[in-house]
A.B. asks: 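Quick one: the structure is below, and I'll ask about it shortly.
What's counted below: heavy atoms across the whole structure, side chains too, no hydrogens, waters or symmetry copies. Nothing here was measured: the structure is a model prediction, and the numbers come from that model. Note on naming: letters A, B, ... go to the chains in the order of the sequence lines (proteins, then strands), and numbering restarts at 1 for each one.
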Protein chains: 2
Amino acid sequence: MSEPTRRERARAATDREIRQQARTLLINEGPEAVTLRAIARQLGITAPALYRYYSSREDLVHHVRMDICADLAADLTTDLAEIPEGETVRQVLTICRGFRRWALDHPREFSMVFATPQGGPDDLSADPFGRIFLSVAGQVLITKQLTPPPDDTVPPAMRADLEDFRADLLATIAQTGVDVPDDILSIGTTYMILQFWVRLYGQVALEVFGHFPMLISNTEDFFEVMLAELVADAGLGWDEEPNRSP
Amino acid sequence: MSEPTRRERARAATDREIRQQARTLLINEGPEAVTLRAIARQLGITAPALYRYYSSREDLVHHVRMDICADLAADLTTDLAEIPEGETVRQVLTICRGFRRWALDHPREFSMVFATPQGGPDDLSADPFGRIFLSVAGQVLITKQLTPPPDDTVPPAMRADLEDFRADLLATIAQTGVDVPDDILSIGTTYMILQFWVRLYGQVALEVFGHFPMLISNTEDFFEVMLAELVADAGLGWDEEPNRSP
DNA sequence: AGAGTCAGTGAACGGTGTTTACCGAGTTGC
DNA sequence: GCAACTCGGTAAACACCGTTCACTGACTCT
């Protein structure tokens, strides 16, 4: 069992090569260039051979999508490792900046993962990026006093969904080893996390797709201003941020 | 000159049919189904004939994109026509709801126009959707007292861009016939309009792409809550909204 | 009436995803 | 050790794609 046969190792290796080559083509020449024949050509094999690994082009693309998510999560984890344990605000900032940077550096991967209508509501715990996002949210929840909107501003029709989401959040966070008491995650806070994601995503997507209604020469600053507002609105202080004197 | 020859009228007619057929294919079978041969087949002609109208498939797709924008703008204009002149808050709500509804009803058109990395910074005055968005913004600016962030919260590095954008805004609004005194459009207000667009776009795109981190059974309510917050943050009151008793 | 314009055609080229039948090296069971 | 089997890879074929090119034939203008 711990003895993968030679065949199995070879298979796993070419499988990795296929997906790697697919991504190289995606990055360098765009999504329409990632074709089975091109991939096979680069690998020195023929196109039908790929059907031993994936049932169709769509199937391959799907797996590539998952790889991309995993890589993004790995990137963010690396960034995060450099931030000391307790400084949760810096962790939040780091992950947001890391997400933006990754999106700008990998626009084609970004739009493949975050801007294709395909796919039902994604299971956040399956998506590694979701995992890391929620894990940071968990750390914030424990160590910082948040100022969420009072629960009664949330309309009744949303409560059930938010309850479910809260359960998801708690489960996902518990899985990462962090311990979150139930009462710290109010419905209002849950709603706030959603809003956080909406604004972060909107900003990054608009920047990647170039759909800001104006020419922005310094998008970096624009993002930082938005991020500062976002953090302030979430009730996180700047107290841990060294770049800010009182 | 006012006498379009029979040839010219025929040409314009088939041109419309081509783009119409392309959109039908896009809506019913997705972007990869909009192929020159399929379009020609539906029209009862052969594929090379399309090259009399467009220099390439990409060229056709580009024009289809413009058509989609024009249709969206027309939709929103129709919605807007039913709102009395003075009730600017309702106009804002109408246009935001209309944008969301259109995006959900036409997900493939939406992602083609609003979620493709292609294209540099788009000229908002060329895009008819941008026109209508800005025209409403203009009406709001004249008739409502806004509470924008004070100008000095805007970092210096962004000021130049915002100045340019403000000029664009004023020019676009002036083109619609609405008269806006220069001083009403502060830098802070300009920044606020940008933020408004970021949050609206983020919410709608996430809903269309199904990338909310939770299952939302009632997305309608979620949108309405976000919209209410958005309007409140923009400093617009609910005073004109009849569904809200004091 | 003759010249010219031009939408549309048919054939062809090189590319694509996918299926099918086949080969042959690696693995497995006896 | 050898037969049986598994299975990654191949070649050929099919239907489709975008695009080019030489050509036709009806409409338009002078």
A.B. asks: Once salt bridge (charged side-chain N to carboxylate O under 4.0 Å, His left out) is applied, what residue pairs with a partner in residues 203-220 of chain B remain, sequence neighbours excluded?
C.D. replies: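 Output for this query lists Arg100(B)-Glu207(B), Arg100(B)-Glu220(B).
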A.B. asks: Under a 4.0 Å heavy-atom cut-off, which of residues 12-30 of chain A touch DNA chain C?
C.D. replies: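 Residues of residues 12-30 of chain A under 4.0 Å from DNA chain C: none.
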A.B. asks: Starting at CZ of Arg11(B) and ending at C1' of dA7(C), how long is that distance when rounded to a whole Å?
C.D. replies: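 Whole-Å distance recorded here is 8 Å.
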A.B. asks: Report all side-chain donor-acceptor pairs from residues 35-45 of chain B shorter than 3.5 Å, counting only partners two or more places apart or in another chain.
C.D. replies:
residue	atom	partner	partner atom	Å
Thr35(B)	OG1	Arg37(B)	N	3.1
Thr35(B)	OG1	Ala38(B)	N	3.3

A.B. asks: Can you check whether Thr46(B) has a side-chain N or O nearer than 4.0 Å to OP1 or OP2 of dG8(C)?
C.D. replies: no
A.B. asks: Could you check whether Tyr51(B) gets within reach of a base, just the sugar-phosphate, or nothing at all, counting any heavy atom under 4.0 Å?
C.D. replies: base
A.B. asks: Whole angstrom is fine here: how far is it from CZ in Arg52(A) over to P in dA21(C)?
C.D. replies: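 Rounding to the nearest Å, CZ of Arg52(A) and P of dA21(C) are 13 Å apart.
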A.B. asks: How would you list, by chain and number, every residue that makes a ring-ring contact (aromatic ring centres under 6.0 Å, His included) with Tyr191(A), sequence neighbours excluded?
C.D. replies: none
A.B. asks: Quick one: list whatever passes side chain to side chain contact (heavy atoms under 4.5 Å, CB included) with Asp59(A), sequence neighbours left out.
C.D. replies: Tyr54(A), Ser55(A), Ser56(A), His63(A)
A.B. asks: Going by the rule side chain to side chain contact (heavy atoms under 4.5 Å, CB included), which residues pair with Glu163(A) if we only count those two or more places apart in sequence or in a different chain?
C.D. replies: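 Here the qualifying residues are Arg166(A), Ile187(A).
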A.B. asks: Once you round it to whole Å, what is the distance between C1' of dT9(C) and CG of Leu50(B)?
C.D. replies: 13 Å
A.B. asks: Mind jotting down which residue pairs meet the salt bridge (charged side-chain N to carboxylate O under 4.0 Å, His left out) criterion with at least one end in residues 169-178 of chain B? Sequence neighbours excluded, please.
C.D. replies: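 Found none.
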A.B. asks: Who are the side chain to side chain contact (heavy atoms under 4.5 Å, CB included) partners of Ile27(B), not counting sequence neighbours?
C.D. replies: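 Partners of Ile27(B) by the side chain to side chain contact (heavy atoms under 4.5 Å, CB included) criterion, ordered by chain and then number, come out as Glu109(B).
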A.B. asks: Measure CG/Leu43(B) against C1'/dA7(C) and give the value in whole Å, please.
C.D. replies: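 That distance rounds to 13 Å.
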A.B. asks: Need two values: the first and the last nucleotide of DNA chain D, 5' to 3', having an atom under 4.0 Å from any heavy-atom of chain B.
C.D. replies: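 Span of nucleotides near chain B: dC17(D) to dC29(D).
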A.B. asks: Grab the two heavy atoms, one from Tyr201(B) and one from Gly202(A), that are nearest each other, plus how far apart they are.
C.D. replies: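 Minimum heavy-atom separation between Tyr201(B) and Gly202(A): CD2-O, 4.1 Å.
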A.B. asks: Out of curiosity, Glu224(A) CD to Asp221(A) CG, how far, rounded to the nearest 0.5 Å?
C.D. replies: 7.5 Å
A.B. asks: Rounded to whole angstroms, how far apart are CG on Leu60(A) and P on dT18(C)?
C.D. replies: 10 Å
A.B. asks: Please determine whether a side-chain nitrogen or oxygen atom of Arg57(A) lies at a distance below 4.0 Å from atom OP1 or OP2 of dG17(C).
C.D. replies: yes
A.B. asks: Tyr54(A) OH to dG17(C) P: how many Å, rounded?
C.D. replies: 15 Å
A.B. asks: Would you please name every residue forming a side chain to side chain contact (heavy atoms under 4.5 Å, CB included) with Ser217(A), sequence neighbours left out?
C.D. replies: Asp161(B)
A.B. asks: Given dG15(C), is OP1 or OP2 found less than 4.0 Å from the side-chain N or O atoms of Thr35(A)?
C.D. replies: no
A.B. asks: Which residues pass the ring-ring contact (aromatic ring centres under 6.0 Å, His included) test with Trp102(A), sequence neighbours left out?
C.D. replies: His106(A)
A.B. asks: Give me the distances for all protein-to-nucleotides 12-14 of chain C N/O pairs that come in under 3.5 Å?
C.D. replies:
residue	atom	partner	partner atom	Å
dA12(C)	N6	Arg37(B)	NH2	3.4

